[in-house]
4 protein chains.
Amino acid sequence: MARPKSDDRRSAILSAAIRRIAADGPGASTAAIAKEAGVSNGSLFTYFETKADLLNRLYVELKVEMATAALDGLPSGDDLRERAFHLWSRWLRWATSSPDKRRTLAHLDVSGEITPESRHTASQAMASVGELLERIRENGPMRDAPLGLVVALTSALADATIDLMIRDPDNADEHCTAAFDAFWRMLA
Amino acid sequence: MARPKSDDRRSAILSAAIRRIAADGPGASTAAIAKEAGVSNGSLFTYFETKADLLNRLYVELKVEMATAALDGLPSGDDLRERAFHLWSRWLRWATSSPDKRRTLAHLDVSGEITPESRHTASQAMASVGELLERIRENGPMRDAPLGLVVALTSALADATIDLMIRDPDNADEHCTAAFDAFWRMLA
Amino acid sequence: MARPKSDDRRSAILSAAIRRIAADGPGASTAAIAKEAGVSNGSLFTYFETKADLLNRLYVELKVEMATAALDGLPSGDDLRERAFHLWSRWLRWATSSPDKRRTLAHLDVSGEITPESRHTASQAMASVGELLERIRENGPMRDAPLGLVVALTSALADATIDLMIRDPDNADEHCTAAFDAFWRMLA
Amino acid sequence: MARPKSDDRRSAILSAAIRRIAADGPGASTAAIAKEAGVSNGSLFTYFETKADLLNRLYVELKVEMATAALDGLPSGDDLRERAFHLWSRWLRWATSSPDKRRTLAHLDVSGEITPESRHTASQAMASVGELLERIRENGPMRDAPLGLVVALTSALADATIDLMIRDPDNADEHCTAAFDAFWRMLA
DNA sequence: CATGAATGAGGCTTCATTCAT
DNA sequence: CATGAATGAAGCCTCATTCAT
């Protein structure tokens with residue numbers, strides 16, 4: 001059975017939210033989002049109880065999509081470096097090709113509207129990434145650093161790289177590789 | 001010549017803004033800021049033409065303070081690693097001990113209210129940091145990466161470390177050192 | 001299809017605006033107007049985008065009403081004097097019996113908020129009046145004066161008469177006739 | 001003894017008020033007026049108790065100036081038409097050459113800030129004009145109309161003419177004369 | 001269940017007036 | 001007495017949310 005009509009509406013709202021929030025920040029008005037979704041002002045509130053609710057769902061949805069994109073087709077072999085590079089480049093590719101989603105995620109992350117629950121849910125989608133990271137550093141120089149730091153470091157590094165790739169798309173691949181090397185030097 | 005514009009009042013407003021924005025994001029209302037500063041609603045506008053103006057001044061002020069704190073007492077010798085570590089630890093110490101300022105800076109950075117002029121002004125205060133970074137990587141593995149990436153990487157790394165230091169203050173010094181080692185591995 | 005925008009509400013707002021502006025000038029606050037209309041503060045803005053918009057609509061609406069009142073039942077014969085008197089007395093009667101509308105119109109006229117477009121639209125409603133005036137003076141002593149002057153003169157004269165009729169309502173008809181005679185002497 | 005310094009300040013404020021009100025209407029801020037006068041914000045209030053006070057003084061001052069200009073050099077002979085024309089043309093000349101003052105007067109007249117006292121005081125300056133008007137109409141067709149109407153009519157007529165003269169300055173003299181003829185036809 | 005008008009709290013900013021210097 | 005900062009009441013407008021249709 002195909003998706004019921006209402007799911008389309010829900011997604012339309014989420015997509016619209018991505019575009020509006022990327023452009024205007026988390027202050028984007030529900031009215032503007034509804035309009036961009038081609039949906040009525042009030043309809044938004046039958047799909048999301050509250051603006052905060054919409055923001056949180058969107059946050060989780062985007063994080064999951066990001067994780068999925070990164071993990072998609074991950075080789076299962078033993079070569080840690082190869083697996084890590086696969087993940088790394090998928091991740092950066094997703095982010096680079098979905099700048100609105102990335103911007104929105106960044107906005108949401110600091111908006112103060114995202115609940116701990118949402119953060120927790122989102123982090124679960126990244127679990128496998130965590131495990132991989134874990135194995136990478138376990139014999140490297142950061143073997144004693146808390147995993148949290150490693151994760152944060154990695155994602156910060158990725159973030160900086162993405163920015164550069166977007167600003168200088170002609171050398172995107174080089175930047176991607178160079179940054180991965182830096183990452184590997186740091187950890188492994 | 002009438003009551004002069006008081007520096008105290010101006011600072012009171014800026015401090016209040018730091019506190020409110022750290023807590024509520026850049027959406028913190030001018031009224032709330034004024035109240036927290038112990039100043040009348042309208043008075044805020046004799047010190048800052050506009051809310052956006054206030055935000056921009058605050059941004060520059062904080063960046064400059066951050067740079068100053070990092071650069072303070074920088075040894076002038078030839079030992080690059082020593083100088084880098086000095087700067088690194090000063091920076092992290094400042095950020096760790098001024099969590100509100102750091103949060104506010106982070107909020108402002110993505111708020112969409114900061115003009116290119118403000119960013120430019122702020123970046124000038126960090127000029128010496130840039131130079132040091134330049135010299136560090138010039139013989140290292142990232143010698144061919146654009147300086148922009150190196151800067152972004154470094155500050156991302158610092159950021160992640162700061163978060164950790166705040167969350168786990170008992171081991172702050174260890175985290176600081178460990179992260180610096182990672183940084184050095186990456187660059188030098 | 002949801003609650004339709006109600007004409008009643010719109011008119012209520014316009015009527016309220018007439019009353020408030022007649023009393024307080026164009027500075028009458030939107031809040032006061034909304035309250036007098038028995039409508040919420042924000043509702044006013046679903047009917048009029050902006051205060052200036054409200055003022056302009058009101059202006060046009062009133063001018064049109066005035067023209068309609070003046071032109072209503074205008075005899076179509078050849079007797080210029082008869083037709084002119086008909087128009088004259090209808091006009092003055094409307095103005096005299098709608099003092100608030102007239103005051104409001106006067107306020108708006110000098111408020112600096114009325115756009116050239118609104119003035120143009122309004123003037124079209126008065127087109128037939130212009131034509132009549134044109135024919136009246138074409139063989140009279142002011143045949144060489146610009147039409148603009150004639151119009152201005154006429155409306156100034158009417159204005160002065162209306163004031164008098166309002167101040168001395170017992171002799172309103174006499175004043176109306178006497179002024180018309182003066183008008184006729186001047187033009188025809 | 002020359003005028004004390006403070007009189008200069010007072011006049012500076014009044015002149016500034018004329019300019020600002022002509023441009024911005026009676027809503028011109030006291031701060032803007034003070035600034036234009038080259039005087040401090042607060043100083044304005046040592047010369048005028050209140051904004052309304054300033055407006056009223058200005059009103060009276062301007063009306064008196066207008067009357068003075070009109071009456072200046074009035075021939076004392078018996079030729080009513082000559083005297084009337086003298087007055088008429090002086091009046092129109094003053095108004096035409098002081099457009100700011102005229103605009104300001106018009107704004108003040110409808111501003112709702114002018115007290116009956118001010119109006120009364122102002123009208124006294126025009127007393128002689130009234131008397132002349134009185135004698136003009138006393139044997140003419142409007143001999144039975146109330147003086148108030150005649151005055152209003154006359155000033156309305158003048159007003160319309162002034163507008164035209166300003167819009168079409170090349171033919172100002174012609175318009176002035178033509179309008180006087182209309183005036184005379186109406187009254188005498 | 002969709003729609004969009006209704007609501008009213010709250011946001012930013014202006015301004016007349018007061019008062020410390 | 002001049003100055004201009006301080007004050008806080010409004011003013012216009014936006015927005016999340018509710019509710020009649």
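The figures that follow rest on heavy atoms only: side chains count, while hydrogens, waters and symmetry mates do not. Within every chain, numbering begins at 1; the chains are lettered A, B, ... in the order of the sequence lines, protein sequences first and strands thereafter. As the structure is a prediction and not an experimental result, all values here were calculated from the model.
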Participant: Between R9(C) and dA5(E), is there a side-chain N or O to OP1/OP2 distance below 4.0 Å?
Facilitator: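 For R9(C), the contact criterion (side-chain N or O under 4.0 Å from OP1 or OP2 of dA5(E)) is not met.
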Participant: Should L62(D) and T104(D) count as side-chain neighbours, where that means a heavy-atom distance under 4.5 Å?
Facilitator: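 Heavy-atom side-chain distance check passes, below 4.5 Å.
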Participant: Without decimals, in angstroms, what is the distance between F45(C) CZ and dG11(E) P?
Facilitator: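 Taking atom P of dG11(E) as the reference, CZ of F45(C) is at 17 Å.
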Participant: What is the distance from CZ of F48(B) to P of dT14(E), rounded to the nearest Å?
Facilitator: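 Going from CZ in F48(B) over to P in dT14(E) covers 16 Å.
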Participant: Does K63(C) form a side-chain contact (heavy atoms from CB on, under 4.5 Å) with Y59(C)? I'd like the steps, not just the answer.
Facilitator: CA-CA 6 Å; K63(C) 280 268 175 176; Y59(C) 178 79; 3.4 Å; yes
Participant: Can you find a pair of side-chain heavy atoms, one from T121(C) and one from V64(C), that are under 4.5 Å apart?
Facilitator: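 Contact flag for T121(C)/V64(C) side chains = no.
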Participant: Please collect all side chain to side chain donor-acceptor pair (under 3.5 Å) contacts where either partner lies in residues 21-33 of chain A, sequence neighbours excluded, each pair once.
Facilitator: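 Side chain to side chain donor-acceptor pair (under 3.5 Å) check on residues 21-33 of chain A returns R20(A)-D24(A).
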Participant: Would you please confirm or rule out a distance under 4.0 Å between OP1 or OP2 of dA6(E) and any side-chain N or O of R10(C)?
Facilitator: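 So the side chain of R10(C) is outside the cut-off, no N or O lying under 4.0 Å from OP1 or OP2 of dA6(E).
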Participant: Is it true that T46(A) and S43(A) share a donor-acceptor pair across their side chains at a distance under 3.5 Å?
Facilitator: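 Result is no, nothing qualifies.
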Participant: Is the number of heavy atoms from other residues, nucleotides or ligands under 6.0 Å of R57(D) CZ greater than 12?
Facilitator: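 For R57(D), atom CZ is not crowded (no more than 12 foreign heavy atoms under 6.0 Å).
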Participant: Write down the protein N/O and nucleotide N/O pairs, taken from nucleotides 9-11 of chain F, whose separation is under 3.5 Å; answer none if there are no such pairs.
Facilitator:
none

Participant: Calculate the interatomic distance between I21(A) atom CD1 and dC15(F) atom P; express it in whole Å.
Facilitator: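 After rounding, the gap between these two atoms is 14 Å.
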Participant: Would you say E113(A) and P26(A) make side-chain contact, with heavy atoms under 4.5 Å?
Facilitator: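 Of all side-chain heavy-atom pairs linking P26(A) with E113(A), none is under 4.5 Å.
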Participant: From CG of D8(C) over to C1' of dT21(F), roughly how many Å is that when rounded to an integer?
Facilitator: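 Rounded to the whole Å, the gap is 16 Å.
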Participant: Would you say S43(B) places a side-chain N or O within less than 4.0 Å of OP1 or OP2 belonging to dA5(F)?
Facilitator: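 Answer no for this pair, as no side-chain N or O of S43(B) is under 4.0 Å from OP1 or OP2.
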Participant: In whole angstroms, how far is the C1' atom of dC15(E) from the NZ atom of K35(D)?
Facilitator: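 Taking atom C1' of dC15(E) as the reference, NZ of K35(D) is at 15 Å.
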Participant: Could you tell me how far apart D53(B) (CG) and dC12(E) (C1') are, to the nearest whole angstrom?
Facilitator: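 That distance rounds to 14 Å.
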Participant: Report which part of the nucleic acid S6(C) touches: base, sugar-phosphate, or nothing (heavy-atom distance under 4.0 Å, all strands).
Facilitator: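 It contacts nothing in the nucleic acid.
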Participant: Which comes earlier along DNA chain F counting from the 5' end, the contact point of V39(D) or that of L44(B), where each point is its nearest nucleotide?
Facilitator: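 Result: V39(D).
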Participant: Based on Watson-Crick and G-U pairs with both distances under 3.5 Å, what dot-bracket line describes DNA chain F 5' to 3', crossing pairs as [ ] and inter-strand pairs as |?
Facilitator: .||||||||||||||||||||
Participant: Is it the case that T115(B) and S118(B) place a side-chain donor and acceptor less than 3.5 Å from each other?
Facilitator: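 Checked: T115(B)/S118(B) side chains pair up, N/O donor to acceptor below 3.5 Å.
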Participant: Want to settle it: does P26(C) or T46(B) sit nearer the 5' end of DNA chain F, counting the closest nucleotide to each?
Facilitator: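 Whichever sits nearer the 5' end wins; that is T46(B).
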Participant: Quick one: is dT17(E) close enough that its OP1 or OP2 comes under 4.0 Å of any side-chain N or O from T50(D)?
Facilitator: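 Affirmative; the distance criterion is met.
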Participant: Nearest whole Å is fine: how far is dC1(F) P from I13(D) CD1?
Facilitator: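 Atom-to-atom, I13(D) to dC1(F), this comes out as 14 Å.
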Participant: Mind checking whether I33(B) and V39(B) have side chains closer than 4.5 Å, heavy atoms only?
Facilitator: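 Counting from C-beta outward, I33(B) and V39(B) never come under 4.5 Å.
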Participant: Check whether any side-chain heavy atom of E61(B) lies under 4.5 Å from a side-chain heavy atom of E65(B), and answer yes or no.
Facilitator: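 Side chain of E61(B) against side chain of E65(B), heavy atoms only: no contact under 4.5 Å found.
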Participant: Starting from the 5' end of DNA chain E, give me the residue, A52(B) or Y47(C), whose nearest nucleotide shows up first.
Facilitator: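 That would be Y47(C).
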Participant: Rounded to whole Å, how long is the line connecting atom CD1 of I33(B) with atom C1' of dG10(E)?
Facilitator: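 Computing the I33(B):CD1 to dG10(E):C1' distance gives 15 Å.
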